[in-house]
Undergrad: 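Below: one structure in structure tokens.
By convention in this document, chain letters (A, B, ...) are assigned in the order of the sequence lines, proteins followed by strands, and residues within each chain are numbered from 1. Small disclaimer: the values here were computed from a predicted structure and weren't measured. Values below: every heavy atom of this structure, side chains too, minus hydrogens, waters and symmetry copies.
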Protein chains: 2
Amino acid sequence: MSHHLNNDAVASAAAVFAALGDPTRLALVERLSDGRAHSIVQLTSGIGLTRQGVTKHLSALEAAGIVASKRTGRETHFSIERQTLENSAAYLARVSRQWDETLGRLESLLAKTETPPKT
Amino acid sequence: MSHHLNNDAVASAAAVFAALGDPTRLALVERLSDGRAHSIVQLTSGIGLTRQGVTKHLSALEAAGIVASKRTGRETHFSIERQTLENSAAYLARVSRQWDETLGRLESLLAKTETPPKT
DNA sequence: AAGAAAGGCAACCATATAGTTGCCTTATCA
DNA sequence: TGATAAGGCAACTATATGGTTGCCTTTCTT
């Protein structure tokens, strides 16, 4: 049993990181992290970019599943998709902790007397 | 006190995500997550890319502080920088949890009058 | 010492990406 | 109902990016 994810999983995780890997988009995500839904004009103010530019970034975030949009009346409101961010955080935590786990397995191997490894 | 990070912090966080936002690089990071140092040829095998291509990706990861390299003899070994990944995981967790905090405040507001909705 | 193994450096190419401008549609409001 | 506000759609440009090939240097091995 490999500890690696399959290619598709890696690819979709990478897609999320790629979407987060732009200062403008990350700033948008931070703005949306207040939990409220914001319109495009709201999100455009103070970003130093045209509305269409912001729209493109929001589309990228939506395609990656980081935000969701809903049109009401003449405006489109964007809100954050918490689960996606949580999953990505968990992914990074897992990868960074693998070293610890390796150490842990090594230790239990060395301590080979009794207690079976958990999981 | 704003819950937003300053521009530099956002930019450097974005740089890390950008570096992770490529399937090849993420695969390299996963490989390095065994905690051992690997040479470039080792990392190249099975990636489906030329050595120089892999070198470029490793340089990108190193520039983002995700891996570190050390030349010994005729080979260069790359290892993971756990702290960077931990920080990024914590960052995402913070951003995604801000919503909870908001909800928490809202709920305690609602609780003063009536039974909170179940969403 | 000679060949092989590991890798650095640079040039080059194709495509993706970030950003713009221009224009059209649909709501809202006075 | 006419102006204005919000935004979708498309074309276009410049630069960044991912990947390659070619070649040179350094280190190891026999």
Undergrad: Round to a whole Å and report the spacing from CG of A/Leu58 to P of C/dT17.
TA: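 Rounding to the nearest Å, CG of A/Leu58 and P of C/dT17 are 17 Å apart.
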
Undergrad: Parallel, tilted or perpendicular: which fits the ring planes of A/Phe17 and B/Phe17, with parallel below 30° and perpendicular above 60°?
TA: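 Parallel: the ring planes of A/Phe17 and B/Phe17 meet at under 30°.
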
Undergrad: Expressed as a whole number of angstroms, how long is the span from A/Glu62:CD to D/dG7:C1'?
TA: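 Taking atom C1' of D/dG7 as the reference, CD of A/Glu62 is at 14 Å.
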
Undergrad: In this structure, how many angstroms lie between the C1' atom of D/dT17 and the CG atom of A/Asp22, rounded?
TA: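 Spelled out: CG on A/Asp22 to C1' on D/dT17 is 14 Å.
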
Undergrad: Which whole-number value in Å describes the distance from B/Ile40 CD1 to D/dT27 C1'?
TA: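 That distance rounds to 14 Å.
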
Undergrad: Just call it for A/Gly53: base, sugar-phosphate, or nothing, with non-hydrogen atoms closer than 4.0 Å on any strand.
TA: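 The answer is base, as A/Gly53 lies within the cut-off (heavy atoms under 4.0 Å) of a base atom.
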
Undergrad: Measure NZ/B/Lys70 against P/C/dG8 and give the value in whole Å, please.
TA: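 Rounded to whole Å, this separation is 15 Å.
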
Undergrad: Taking the nucleotide of DNA chain C with the nearest heavy atom to each, does A/Gly73 or B/His77 sit closer to the 5' end?
TA: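 Its nearest nucleotide being more 5', the pick is B/His77.
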
Undergrad: Send over the distance from A/Lys56 NZ to D/dC12 P, rounded to a whole Å.
TA: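 Taking NZ of A/Lys56 and P of D/dC12, I get 13 Å after rounding.
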
Undergrad: The side chain of B/Arg51 is closest to which nucleotide in this list: D/dG8, D/dG19, D/dC23?
TA: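 That would be D/dC23.
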
Undergrad: Quick check on D/dT17: is either OP1 or OP2 less than 4.0 Å from any side-chain nitrogen or oxygen of B/His57?
TA: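 For D/dT17, OP1/OP2 do not have a side-chain N/O of B/His57 under 4.0 Å.
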
Undergrad: Roughly how many Å is it from CZ in A/Arg74 to C1' in D/dA5, rounded to a whole number?
TA: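 So the two atoms are 4 Å apart, to the nearest Å.
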
Undergrad: Check this one for me: any side-chain N or O of B/Arg71 less than 4.0 Å away from OP1 or OP2 of C/dA6?
TA: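 The answer is no; no side-chain N or O of B/Arg71 sits under 4.0 Å from OP1 or OP2.
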
Undergrad: Taking the side chain of B/Thr24 as heavy atoms from C-beta outward, which of D/dT29, C/dG8, D/dG19 is closest to it?
TA: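 For the B/Thr24 side chain, the nearest candidate turns out to be D/dG19.
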
Undergrad: Check B/Ala60 against B/Ala19 and note the closest heavy-atom contact, atom names and distance.
TA: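 Taking B/Ala60 first and B/Ala19 second, the nearest heavy atoms are O-CB, 4.3 Å.
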
Undergrad: When you check the gap from the basic side-chain N to the acidic O, do A/Arg25 and A/Glu30 get nearer than 4.0 Å?
TA: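 No.
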
Undergrad: Got a donor-acceptor contact below 3.5 angstrom from the B/Thr84 side chain to the B/Gly65 backbone?
TA: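 Yes; at least one donor-acceptor contact below 3.5 Å.
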
Undergrad: Quick one: does A/Gln52 reach the base of C/dG22 with a side-chain donor-acceptor pair under 3.5 Å?
TA: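 Check passes, donor-acceptor contact within cut-off.
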
Undergrad: If you compare every side-chain N and O of A/Ser39 against the phosphate oxygens of D/dA6 (OP1, OP2), does one of them come in below 4.0 Å?
TA: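 Answer is no, no contact under 4.0 Å.
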
Undergrad: So, OP1 or OP2 of C/dT21: does either fall under 4.0 Å of a side-chain N or O from A/Thr50?
TA: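 Indeed not, no polar side-chain atom of A/Thr50 lies that close.
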
Undergrad: Relative to the 5' end of DNA chain C, which residue comes earlier, A/Thr72 or A/Gly48, by the nucleotide with the nearest heavy atom?
TA: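 Mapping each residue to its closest nucleotide by heavy atoms, the 5'-most match is A/Gly48.
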
Undergrad: Please report, rounded to the nearest Å, how far the P atom of C/dA18 is from the CG atom of A/Leu20.
TA: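 Result: 13 Å.
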
Undergrad: To the nearest 0.5 Å, what is the distance between CZ on B/Phe78 and CD1 on B/Ile40?
TA: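 B/Phe78 CZ to B/Ile40 CD1: 4.5 Å, rounded to 0.5 Å.
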
Undergrad: With the side chain of B/Glu75 defined as its heavy atoms from C-beta on, choose the nearest nucleotide among D/dT20, D/dG18, C/dA6.
TA: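 Nucleotide nearest to B/Glu75's side chain: C/dA6.
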
